[in-house]
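Labels below follow one simple rule: chain letters A, B, ... track the order of the sequence lines, proteins then strands, and each chain is numbered from 1. What you see is a predicted model, and the numbers here were worked out from it, not measured in a lab.
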Protein chains: 2
Amino acid sequence: MGTASKALSLLNYFTRAAPKIGLSDLARHSGYNKATVHRLLSELAQHGFVEQIGSGREYRLGPAFLRLAALRENAVPMRELATQTLTELSNTTGETAHMSLLNGDVLSSFSYTYSSAHGTMVMMEDAEVLDLHATSSGLAVLAHSSAQFIDNILSAPLIKRTPETETDPDVIRAMLPDIRATGIATSIGGYEQDVHSYAVPVFDANSACIGAVAVATPVARMTDPLGEQIKSELTTRTATLTRLLGGFPPDTFPTFLQANPPQTGG
Amino acid sequence: MGTASKALSLLNYFTRAAPKIGLSDLARHSGYNKATVHRLLSELAQHGFVEQIGSGREYRLGPAFLRLAALRENAVPMRELATQTLTELSNTTGETAHMSLLNGDVLSSFSYTYSSAHGTMVMMEDAEVLDLHATSSGLAVLAHSSAQFIDNILSAPLIKRTPETETDPDVIRAMLPDIRATGIATSIGGYEQDVHSYAVPVFDANSACIGAVAVATPVARMTDPLGEQIKSELTTRTATLTRLLGGFPPDTFPTFLQANPPQTGG
DNA sequence: TGTATCGGTTCATTATCTGAACCATCGGTT
DNA sequence: AACCGATGGTTCAGATAATGAACCGATACA
């Protein structure tokens, strides 16, 4: 692995739950030598990607991301388009809609909208990391990723979030062809107990899967008719979003689901 | 320079004006070998920090920044506090207020608010890079930075943004003691013609200068009374903001400007 | 057809990164 | 006060990964 990758991978250990991390902790988690981590952190700090809190204390993410995120959003106004689609989805289904994006091999929530139709709703958090094996969004992404990526993810230890979480790589692998064929991934209580969700993939201009859009309901509220409605709204609106973002579903993606049938030629 | 720094420094070439950059361009601008740039970009791409647009085409900033910016904002809710201060500033002065943050050696606009008091206002852009030598914010930051940092900035070529832009390092250096003594930096038409601005520095918990808050008016509107009012509002409110952000002005910073006089002991 | 780009790749050379062992410091315990 | 087990940070010989000139294939243009 390249040195730059090592530096960048350190950033993945900062989460909502662990916004500040000490040098030794980071060395332990990453498996790198303390001296290495220190040097990488120094370089990251030089560019504002991390910063130290007290004098000689823990590290946290730096202000550079605010600038770069603004530039990214200016170049690719994803959030705006996504929020629009999600709002439509949560309005028409009366449930929570969210979009997640793949950053390297980390899938994290990007945007979400709630409906005011019910007293209980599935709640989301910004930048929450979604397990690829334990969420409908994760499965949707996995199903449309390269064999190498799938191997990479499934060969790592799979966390058992709930009693319902499937952690057998072979079982998960066996689920993917069906997800590919239908274009829809499902999760019932695999990530959070009492949450039932459907997800469909989002693709970029190279037809690579970059994330997913999902609609989640409390398990008790998910009936067959609601499920059908959600799947229908989800597939058509997400197909539109993919196109708005400049992306194209791959040839293998079930086209009967798309909002507009593909043009022959052009 | 470390390899990680080289990778990170590539990100600085992406701007609002140049959101997409090709491999050869990036190699030229950075001065690194094309093979090196390619390898670094590949590593950045692996982690979602850059992405390629078509098949084998230009690069742009990746989606990882959205996630990391959300985490940063969650850990350090700067934007919220800054926006509040800026809103007060633009309301009481009737002019444009903005805050900039230092990322490594790049100062960029972070947040800004307008007033509706006049028909013409100084306009700002998100993530706009502000020249350290040619803006009041930049001078405020420079004046409270280390000698090494100042040397580093002033030894590089200084862009002449307008006919009024001061580009002589020695002249700029001679301005700094006065800025340090008064706590306020001024720029009249040095960055954008017809813009007069005052800026004061913001400090972190280590008393390092992390950015600046400024109020900018059209040159024609800046009278002595307005200037005095702006400087007064700017210093007191920014001192409060620094404290809210968990920072402390250094001992050398003129304390008579601060909102609350420092406590002896504690 | 010829030229000048482009993005991307190769591989011997070499510069950079690595990591065990080392400080100095801090907080808690005895 | 002495000890312990942490912490963040530093050193330097040896291991490893970064480097860059030259290369390739593709594309665009005249």
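As judged by a 4.0 angstrom heavy-atom cut-off over every strand, K34(B) is placed among the base-contacting residues.
Here T36(A) does not reach the OP1 or OP2 of dC17(C): none of its side-chain N or O atoms lies under 4.0 Å away. Of the side-chain N and O atoms in Q52(A), one or more sit less than 4.0 angstrom from OP1 or OP2 of dG9(D). Between R39(B) and dG7(C), a side-chain N or O to OP1/OP2 separation shorter than 4.0 Å is absent. OP1 or OP2 of dG9(D) sits under 4.0 Å from a side-chain N or O of Y59(A). A close approach under 4.0 Å does occur between a side-chain nitrogen or oxygen of H38(A) and OP1 or OP2 of dG9(D). Taking 4.0 angstrom as the limit, T3(B) places a side-chain polar atom (N or O) nearer than this to OP1 or OP2 of dC17(C).
The nearest whole Å value for the distance from the OH atom in Y32(A) to the P atom in dA17(D) is 11 Å. Whole-Å rounding puts the N33(A) CG to dC17(C) P distance at 14 Å. Look at CG on L23(B): it is 11 Å from C1' on dT9(C), rounded to the nearest Å. Look at CG on L26(B): it is 12 Å from P on dG8(C), rounded to the nearest Å. What separates CG of L10(A) from C1' of dC17(C) is a distance of 14 Å, to the nearest Å. Rounded to whole angstrom, the span from the CD atom of E51(A) across to the C1' atom of dG8(D) amounts to 17 Å. Remark: P of dA17(D) and CD of E43(B) are 11 Å apart, rounded to the nearest angstrom. Going from atom CG of L40(B) over to atom P of dA17(D) covers 15 Å, rounded to whole Å.
K20(B) has no carboxylate O lying under 4.0 Å from a charged side-chain N of D25(B), or vice versa, which leaves the two without a salt bridge. A salt bridge does not link D131(A) to K160(A): none of the charged nitrogens lies less than 4.0 Å from a carboxylate oxygen. A salt bridge links R72(B) with E51(A); the closest basic N to acidic carboxylate O contact falls under 4.0 Å.
Both K6(A) and S42(A) lie near DNA chain D, and the one whose nearest nucleotide falls closer to the 5' end is S42(A).
Considering only side-chain atoms of R28(B), the nucleotide from dG9(D), dG7(C), dC6(C) that sits closest is dC6(C). Of the candidate nucleotides dA21(D), dT10(D), dA18(D), dT10(D) has the atom nearest to the side chain of A35(A).
Both the sub-6.0 Å distance and the 45° axial angle are satisfied by R79(B) relative to the ring of F110(B).
The terminal axes of the helix from dT1(C)-dA30(D) to dT30(C)-dA1(D), fitted over 5 pairs per end, subtend an angle of 40° to the nearest 10°.
Under the 6.0 Å cut-off for aromatic ring centres, F248(B) and F203(B) do not qualify, their centroids lying 6.0 Å or more apart.
Counting heavy atoms from C-beta on, the side chains of H98(A) and L130(A) come closer than 4.5 Å.
When atom types are taken as modelled, the side chain of R16(B) and the backbone of D126(B) share a donor-acceptor pair closer than 3.5 angstrom.
In summary, the side chains of R39(A) and N33(A) do not present any donor paired with an acceptor at a separation below 3.5 Å, with no hydrogens or angles considered.
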